[in-house]
There are 2 protein chains.
Amino acid sequence: MATIYEVSKLAGVSLATVSRVINNTAQVREATRVKVEAAMQELGYRPNSVAQSLASNRSNSIGILVSELSGPFYGELLARIEEEFRTVGKHVIIAAGHSDAELERESIEFLRSRNCDALILHVESVSDNYLRGLADGGCDFVLINRYVRAIADRCITLDNRQGGYLATHHMLELGHRDIAYVSGPMWKNDAKERYAGHLEALAEFGVAENKTLFFEGDFQETGGVRGLQHLLGTDVPFSALVCANDEMASGAITAAHDIPLDLPQQLSVIGFDNVNFAHYTYPKLTTVDYPIAEIGQMAARWVLKNVYHQPVKELQDVFEPRVIERDSTQKI
Amino acid sequence: MATIYEVSKLAGVSLATVSRVINNTAQVREATRVKVEAAMQELGYRPNSVAQSLASNRSNSIGILVSELSGPFYGELLARIEEEFRTVGKHVIIAAGHSDAELERESIEFLRSRNCDALILHVESVSDNYLRGLADGGCDFVLINRYVRAIADRCITLDNRQGGYLATHHMLELGHRDIAYVSGPMWKNDAKERYAGHLEALAEFGVAENKTLFFEGDFQETGGVRGLQHLLGTDVPFSALVCANDEMASGAITAAHDIPLDLPQQLSVIGFDNVNFAHYTYPKLTTVDYPIAEIGQMAARWVLKNVYHQPVKELQDVFEPRVIERDSTQKI
DNA sequence: TTGTATGCGTTATCAC
DNA sequence: GTGATAACGCATACAA
């Protein structure tokens, strides 16, 4: 790779001048600019962004940390973030934290050491305190899908409690009263919140919680399968099933077909997230929309505004879920 | 962030010695190593990998370029690659090429300018010539899902033709003779190859190709929907539908339910890729397995071996597809 | 075993 | 406008 030095030699100017035309950072006489550009062209010069980064303490790259790289949820998030940055010449460095506290910390340190200008974090295991410390340490980052009071201005969240409320509320409005619930891992905040919303809806309709109709799954498909099987095994009747995410709902639907159970006649099922395979299920899954792509976009804009100081349209920090009614739920 | 210089001062040794204990690149007396480590600990020192990269011309990072960040296919690929590298302390920088030639080139240049030690490319639009030039230019990269003769030793592929053959062969063996085909964009190599395999199987069974039973889709769900609707509209009867990927198969299944058509009694459907939502469909989708995760793993190992010169288990460069029989196909 | 000195490719602060 | 020149944080020959 040609260096800036070779370009300067070929163009008969100094390093500094070449740097100026590259970065458009000062006035350069038109004639010399042309000379330099010709030289760059001829040598096929591309700036070495590592050196740029070291010298300028700016990398034009943003670190993204998500729990998983696979799965419909994170894929959409990443895609939107990348898109948003690509259009303004920034780039993303991606790492996975796998819901493991140490790995999350390590990945954050890695991204910082890569001189990322900012971080977009979707972390579940690291403590609030750690995040507060990060912020105090002068690290620019936004937090997705998590609320930490001390750094509320960098949190972009979905109202999970409200989502849980809406899901169960939907069932209640359809006339269901015996409602089973398959939760995510209760140590995860979103799982807890969604469940809280569920209870709130039940309370509002004066329905008592039946603890035997609760199953703690793993946010995976198998969790839904095991969940439905377990619930059916309790012999406590129920006409509706609320699942804390779409993967588990799909698992439950699959398990129901295997029984077989007629859906939605014998059992109404609702999911959460509205991931892109939700309409592959049969019947098509009614679910609660999680506007993950928009959240990603908003996170990107937060960075554009607060770190790169670019003018951006208004920022939104809390998103509201809503029920997407399809075919897996019906009146009792 | 503390620098190596501050560490050396605190530990009372030179820069070089600190560097040595960091990289374990030469013998250091135990006592001084301890001193240095204590100093690093105390300062919370983390090496600046940008500076490391500039100085050593090695970044311990691998650039990955895929067509899309979303979708089950690439997600699994990325996840496996990241995992494989993470365990050996390497990191990935990810970019999306969006099947656009210019964007692909740009992304490759970006990754190179980031001083990536190697690239793993899944590109569809850039020319063979360009890739050959890249290789000649001394860029270390592996090519996934594409075969370029001149650089055959860096290609890791699935035998798409064989996969297409197997899919249709499966239908033929079940007794189907009127077989419709929904293809991917024919400018894409894998779409072309899969279709070639389809024709080969037909020929083997002495079945003439019926061009009215061919539809060129877009590898997306909607392509499958439109495909089935179009094919049904031709009024040429068919009992089996071969789709060039699972997304389109899912779309076709959805469309079939809407008709409604009984699956698989009235129509057998087979997909291709075996993405993770294939068993969410109803009936569960019979498909051709594309071991994308293994291919990702192999690409990572190629890099480990050829670029980092680490000992790795044997490398495999061409993978064989196989039919995964589930519930969406049956004997006629 | 440890220290010194130089270079990696840029940016940025001075002068001119 | 333009050109020296000092950082940036680290690796690495070469000395000691």
Side-chain angles (χ1 to χ4, degrees), chain A residues 1-37 39-40 43-61 89 109-117 138 308, chain B residues 1-37 39-40 43-61 89 109-117 138 308:
Chain A
M1 272 290 197
T3 73
I4 200 176
Y5 179 71
E6 308 177 45
V7 174
S8 78
K9 219 171 45 178
L10 204 164
V13 299
S14 75
L15 283 194
T17 302
V18 177
S19 177
R20 288 190 184 100
V21 350
I22 292 176
N23 300 297
N24 216 336
T25 184
Q27 289 296 337
V28 186
R29 198 188 313 161
E30 187 57 21
T32 74
R33 132 163 295 123
V34 170
K35 267 195 307 187
V36 171
E37 275 168 351
M40 294 201 303
L43 293 173
Y45 170 78
R46 298 274 307 185
N48 179 326
S49 53
V50 173
Q52 285 183 317
S53 176
L54 183 62
S56 68
N57 202 25
R58 237 188 198 322
S59 62
N60 281 322
S61 69
E109 285 312 317
F110 161 68
L111 293 171
R112 295 187 71 187
S113 76
R114 296 296 307 187
N115 225 338
C116 287
D117 296 335
Y308 294 114
Chain B
M1 270 290 194
T3 74
I4 200 177
Y5 178 72
E6 306 177 48
V7 173
S8 78
K9 218 171 46 178
L10 204 166
V13 298
S14 76
L15 283 195
T17 301
V18 177
S19 176
R20 289 189 184 102
V21 349
I22 291 175
N23 300 297
N24 216 334
T25 184
Q27 289 297 338
V28 185
R29 197 189 312 160
E30 186 58 22
T32 74
R33 132 162 294 124
V34 170
K35 267 195 307 188
V36 171
E37 276 167 351
M40 296 201 303
L43 293 173
Y45 170 77
R46 297 276 307 184
N48 179 326
S49 54
V50 173
Q52 286 182 316
S53 177
L54 184 61
S56 67
N57 202 27
R58 242 194 192 320
S59 62
N60 281 322
S61 69
E109 285 312 317
F110 162 68
L111 293 171
R112 294 187 72 187
S113 78
R114 294 300 302 187
N115 225 340
C116 287
D117 296 334
Y308 294 114

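Heavy atoms only: backbone and side chains are in, while hydrogens, waters and symmetry mates are out. Numbered from 1 within each chain, the chains take letters A, B, ... in sequence-line order. All values reported here derive from a predicted model rather than from experimental measurement.
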Subject >> All side-chain contact (heavy atoms from CB on, under 4.5 Å) counterparts of Ser59(B), not counting sequence neighbours >> reply: Arg114(A), Ser53(B), Ser61(B), Asn115(B), Asp117(B)

Subject >> With Asn48(B) via side chain to side chain donor-acceptor pair (under 3.5 Å) - residues at least two apart >> reply: none

Subject >> Closest contact, heavy atoms only, Ile4(A) versus Leu15(A) >> reply: CG2-CD2, 3.6 Å

Subject >> Those residues that, when tested against Glu6(A), pass side-chain contact (heavy atoms from CB on, under 4.5 Å) (two or more places apart) >> reply: Ala2(A), Thr3(A), Leu43(A)

Subject >> Derivation and outcome, side-chain contact (heavy atoms from CB on, under 4.5 Å), residues Asn60(B) and Tyr308(B) >> reply: CA-CA 9 Å; Asn60(B) 281 322; Tyr308(B) 294 114; 4.1 Å; yes

**OP:** By nearest nucleotide on DNA chain D, pick out whichever of Gly12(A) and Leu15(B) is the more 5' one.
**Re:** Gly12(A)

**OP:** For DNA chain C, determine which residues of residues 26-33 of chain B have any heavy atom closer than 4.0 angstrom to one of its atoms, and list them numerically.
**Re:** Gln27(B), Val28(B), Arg29(B), Thr32(B)

**OP:** First locate atom CZ of Arg46(B), then atom CD of Glu109(A), and finally report the distance between them rounded to the nearest 0.5 Å.
**Re:** 5.0 Å

**OP:** May I ask you to list the residues of residues 17-24 of chain B, by number, that have any heavy atom positioned under 4.0 Å from an atom of DNA chain D?
**Re:** Ser19(B), Arg20(B), Asn23(B)

Subject >> Nucleotide interval of DNA chain D bounded by contacts with chain A (heavy-atom cut-off, under 4.0 Å) >> reply: dG1(D) to dG9(D)

Original post:
Taking any atom under 4.0 angstrom from a heavy atom of chain B, which nucleotides of DNA chain C are the first and last to qualify, 5' to 3'?
Top reply: dT1(C) to dG9(C)

Original post:
Through what angle, rounded to 10 degrees, does the axis of the helix from dT1(C)-dA16(D) to dC16(C)-dG1(D) turn between its ends, using five pairs per end?
Top reply: 40°

Original post:
What residues form a side-chain contact (heavy atoms from CB on, under 4.5 Å) with Ser14(B), not counting sequence neighbours?
Top reply: Ala16(B), Thr17(B)

**OP:** Could you list by number each residue of residues 52-61 of chain B showing a heavy-atom separation from DNA chain D of less than 4.0 Å, or answer none if no residue does?
**Re:** Gln52(B), Ala55(B), Ser56(B)

**OP:** Applying ring-ring contact (aromatic ring centres under 6.0 Å, His included), name anything that partners Phe110(A), two or more places apart in sequence or on another chain.
**Re:** His91(B)

**OP:** Look up atom OG in Ser49(A) and atom CG in Leu54(B), then write down how far apart they are to the nearest 0.5 Å.
**Re:** 10.5 Å

Side-chain donor/acceptor pairs under 3.5 Å, residues 21-37 of chain A, sequence neighbours excluded:
residue	atom	partner	partner atom	Å
Asn23(A)	ND2	Ser19(A)	O	3.0
Asn23(A)	ND2	Ser19(A)	OG	3.4
Thr32(A)	OG1	Arg29(A)	O	3.0

Original post:
Which part of the nucleic acid, if any, lies within reach of Val13(A) when heavy atoms closer than 4.0 Å are counted: base, sugar-phosphate only, or nothing?
Top reply: sugar-phosphate

